[in-house]
Amino acid sequence: MPELPEVESIAQRLCEGTETIPLPGRKIKHVSLYWPRHIVQPSVSTFRRRMKDRVIRDVRRRGKFLVFPLDEGNLLIHLRMSGDLTICPAKKPRGSYEHTIFHLDEPWQLRFSDARKFGLIYYLKDPGRVLNRLGPEPLDPAFTAHLLAERLKKHQRMLKPLLLDQRFLAGLGNIYTDEALHYAGLHPRIRSDSLSQDQVEKLWHGIQTTLREGLRQNGASIDWVYRGGSFQNQFRVYQRTGEPCPICSTPIERIIVGQRGTHICPHCQPEITK
DNA sequence: CACGAGACCTGTTCGC
DNA sequence: TGCGAACAGGTCTCGT
């Protein structure tokens, strides 16, 4: 589920606490771990001890990570494929996917639900140890088309797997990559170092446009995992196999690129560039 | 360095 | 209806 727009929407929801309580200012009394393998660092017992009585200062996002600066250290959560975070009353029965529960100082809890159990939780003094490996934020003003061009030239890789590589750019996932490439009229297998200036500009605009539109719609809701977003109604190619391309009406095709299901318009995104 | 295969998990949907 | 295969928002490790 969660790519940049979905993670950002979740961060905002937790920060504002509409209909629940804002997370900043709350104290974590203790945690319940029903799937301890979620805890990457430190050890489970240390994590438990360190979380006790920490005060949550803020809720932020970096790439696809949720970052919670605490009065002491930082909590990092990566939702991976099926994670979601909600604030709910302590008395609400625990759902079968709610594997990690943070008990707060009010009759509320922060619950990490994760059907596929791929999620990751860190408690770190220095979050940079994890976050510094990430590439630039695509919506940061510092991320210009010029910078994108420079970075693309440093590799000779297929466009799509490169865009999905979080060290190259932080926040894109399968949905927004397919959408951005269609917007730019670029085939996902084109080599990153073979783009013209014009093509780089289109790709940059495609990334900006799809992410901003995703944010405006609070992300995309798919399947049973995450709801709340409506960007799925705007998909041009993602999961639209067989439907007409909104630009030229050619049926959308599904192919595999870098072991990921990939959706393209074979007419708007020719494999051979001119 | 680039890339494919396989792994980590569970749930839903597809095809016969 | 039943049952296995395919597929799912992500990323890591290993071998070529």
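Throughout, protein chains are lettered first and strands after them, A, B, ... in sequence-line order, and every chain is numbered starting at 1.
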What interatomic distance, in whole Å, is found between [atom1] of [M] and the corresponding atom of [N]?
N: B:dA2; M: C:dG9; atom1: P; result: 24 Å
N: B:dA7; M: C:dA5; atom1: P; result: 15 Å
N: C:dC7; M: B:dA5; atom1: P; result: 13 Å

Output the rounded distance in Å from [atom1] ([X]) to [atom2] ([N]).
X: A:L169; N: C:dT11; atom1: CG; atom2: P; result: 12 Å
X: A:R151; N: B:dC1; atom1: CZ; atom2: P; result: 14 Å
X: A:E98; N: B:dG11; atom1: CD; atom2: P; result: 14 Å
X: A:F231; N: C:dG9; atom1: CZ; atom2: P; result: 15 Å
X: A:F235; N: C:dG9; atom1: CZ; atom2: P; result: 10 Å
X: A:E8; N: C:dG9; atom1: CD; atom2: C1'; result: 17 Å
X: A:D178; N: C:dG9; atom1: CG; atom2: P; result: 9 Å
X: A:L164; N: C:dT11; atom1: CG; atom2: C1'; result: 10 Å

Within 45° cone and under 6.0 Å: A:R236 NZ/CZ vs A:Y183 ring = no

Side-chain (A:E201) to main-chain (A:D198) donor-acceptor, under 3.5 angstrom = no

Please check if the side chain of A:R216 supplies one atom and the backbone of A:G214 the other of a donor-acceptor pair under 3.5 Å.
-> no

Within less than 4.0 Å of OP1 or OP2 of C:dG9, is there a side-chain N or O belonging to A:K64?
-> no

Ignoring backbone atoms, establish whether A:Q166 has a side-chain N or O less than 4.0 Å from OP1 or OP2 of C:dG10.
-> no

With pairs taken as Watson-Crick or G-U wobble and both distances under 3.5 angstrom, which stems of at least three consecutive pairs involve DNA chain B?
-> B:2-8 with C:10-16, B:10-16 with C:2-8

Close side-chain approach of A:L14 and A:L110, heavy atoms under 4.5 Å | yes

Enumerate the residues from residues 118-132 of chain A whose closest heavy atom to DNA chain C is under 4.0 Å, giving them by residue number; use none for an empty result.
-> A:F118

Is it true that atom NE2 of A:H267 has more than 12 heavy atoms of other residues, nucleotides or ligands lying nearer than 6.0 Å?
-> no

Does a sphere of radius 6.0 Å around CZ in A:R61 hold more than 12 heavy atoms from other residues, nucleotides or ligands, not counting ones at 6.0 Å or beyond?
-> yes

Is the shortest side-chain N to carboxylate O distance from A:R254 to A:D178 below 4.0 Å?
-> no

List in chain and number order the residues that pass ring pair (Phe, Tyr, Trp, His ring centres under 6.0 Å) with A:F65, two or more places apart in sequence or in another chain; answer none if no residue qualifies.
-> A:H78

Answer yes if the side chains of [X] and [Y] hold a donor-acceptor pair under 3.5 Å, and no otherwise.
X: A:N174; Y: A:K160; answer: yes
X: A:S113; Y: A:E98; answer: no
X: A:H187; Y: A:Q269; answer: no

Heavy atoms under 4.0 Å, any strand shown: does A:S96 hit a base, just sugar-phosphate, or nothing?
-> nothing

If you look at every heavy atom in A:G173 and A:K64, which pair is closest and at what distance?
-> CA-NZ, 3.6 Å

Which pairs, protein N/O on one side and nucleotides 4-8 of chain C N/O on the other, fall under 3.5 Å?
from  : atom 1 : to     : atom 2 : distance (Å)
C:dA8 : OP1    : A:R254 : NH2    : 3.0
C:dA8 : OP2    : A:R254 : NH2    : 3.1
C:dA8 : N3     : A:R116 : NH1    : 3.3

According to the salt bridge (charged side-chain N to carboxylate O under 4.0 Å, His left out) rule, which pairs have a member within residues 143-156 of chain A, sequence neighbours left out?
-> none

Listing time: all N or O pairs from protein to nucleotides 2-6 of chain B that are below 3.5 Å?
from  : atom 1 : to     : atom 2 : distance (Å)
B:dA2 : OP1    : A:Q156 : N      : 3.1
B:dC3 : OP1    : A:R191 : NH1    : 2.6
B:dC3 : OP1    : A:R191 : NH2    : 3.4
B:dA5 : N7     : A:Q259 : NE2    : 2.5

Once the angle between the rings of A:H38 and A:H99 is folded into 0 to 90°, is it parallel (under 30°), tilted (30 to 60°) or perpendicular (over 60°)?
-> tilted

